[in-house]
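Working notes, beginning with the structure itself.
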Amino acid sequence: MGTRDGYNLRPDSDSTRIYYSLGVIDKDIDANAPAFPKHTSTSTPKVVTGDWQILLMGVAPITIYAQPGGAIVTRLSLDQLLHSTLRSGDYYRITLPGKDGWVHRNAVIGQM
């Protein structure tokens, strides 16, 4: 056993790997385990009705979509207050002159 940069070198008893640590060895750690489990959900986004006041904030202009995650309808400037009564996943439906649009939840949302 040696030291490197103040850390203890500890060979793993089950393999030839060397782990750098502060002298603590946990034999239950799987070094090949993924950091986060894969997202496997294929469910459709949950649709919720409500009464939201939306203040557009962030990097201008804010993109408005034809449907959640769909084609871009328009882009709006910041600091506008809009009204929404329907949410689908991460998107809120807003009413624009002559058509509906969807804005991502990165806009500031407040329940009315």
Side-chain angles (χ1 to χ4, degrees):
M1 309 276 169
T3 62
R4 179 177 173 205
D5 299 328
Y7 292 92
N8 295 326
L9 293 174
R10 301 280 187 192
D12 183 6
S13 62
D14 297 330
S15 70
T16 59
R17 291 189 186 140
I18 295 178
Y19 294 99
Y20 296 92
S21 66
L22 295 173
V24 178
I25 298 177
D26 184 350
K27 294 183 189 276
D28 295 327
I29 293 175
D30 180 2
N32 295 320
F36 298 98
K38 288 184 177 181
H39 180 68
T40 59
S41 174
T42 57
S43 64
T44 57
K46 183 177 180 181
V47 177
V48 179
T49 58
D51 193 13
W52 296 278
Q53 185 176 3
I54 299 174
L55 174 62
L56 297 180
M57 295 185 73
V59 178
I62 302 296
T63 304
I64 307 300
Y65 301 94
Q67 59 189 9
I72 297 173
V73 173
T74 189
R75 297 179 196 275
L76 298 177
S77 60
L78 300 178
D79 300 329
Q80 294 186 45
L81 280 173
L82 303 169
H83 184 244
S84 177
T85 58
L86 188 66
R87 183 181 79 206
S88 178
D90 291 339
Y91 293 86
Y92 290 82
R93 185 179 67 190
I94 58 173
T95 301
L96 302 170
K99 60 186 164 197
D100 286 338
W102 293 83
V103 63
H104 193 266
R105 69 183 175 121
N106 287 345
V108 176
I109 312 300
Q111 186 79 28
M112 291 180 74

What one should report as the nearest heavy-atom pair of Ser77 and Leu56 is O-CD1, 3.7 Å

Tabulate below the donor-acceptor pairs under 3.5 Å that side-chain atoms of residues 57-74 make, not counting sequence neighbours, or state none.
| residue | atom | partner | partner atom | Å |
| --- | --- | --- | --- | --- |
| Thr63 | OG1 | Arg75 | NH1 | 2.8 |

Hydrophobic cluster membership, Tyr91 vs Leu96, 4.5 Å side-chain cutoff: no

Donor-acceptor check, side chain of Ser84 to backbone of Arg93, threshold 3.5 angstrom: yes or no? yes

How long is the straight-line distance from OG1 of Thr95 back to CG of Asp100, given to the nearest 0.5 Å? 4.5 Å

Flag side-chain contact, heavy atom, 4.5 Å: Leu82 against Leu76: yes

Closest heavy-atom pair, Trp102 versus Arg87, reported as atoms and distance to 0.1 Å, is CZ3-C, 4.5 Å

Following the transitive rule for hydrophobic clusters with a side-chain heavy-atom cut-off under 4.5 Å over Ile, Leu, Val, Met, Phe, Trp and Tyr, establish whether Leu78 and Ile54 coincide in one cluster. yes

If you measure from OG1 on Thr85 to CG on Asp51, what distance do you get to the nearest 0.5 Å? 7.5 Å

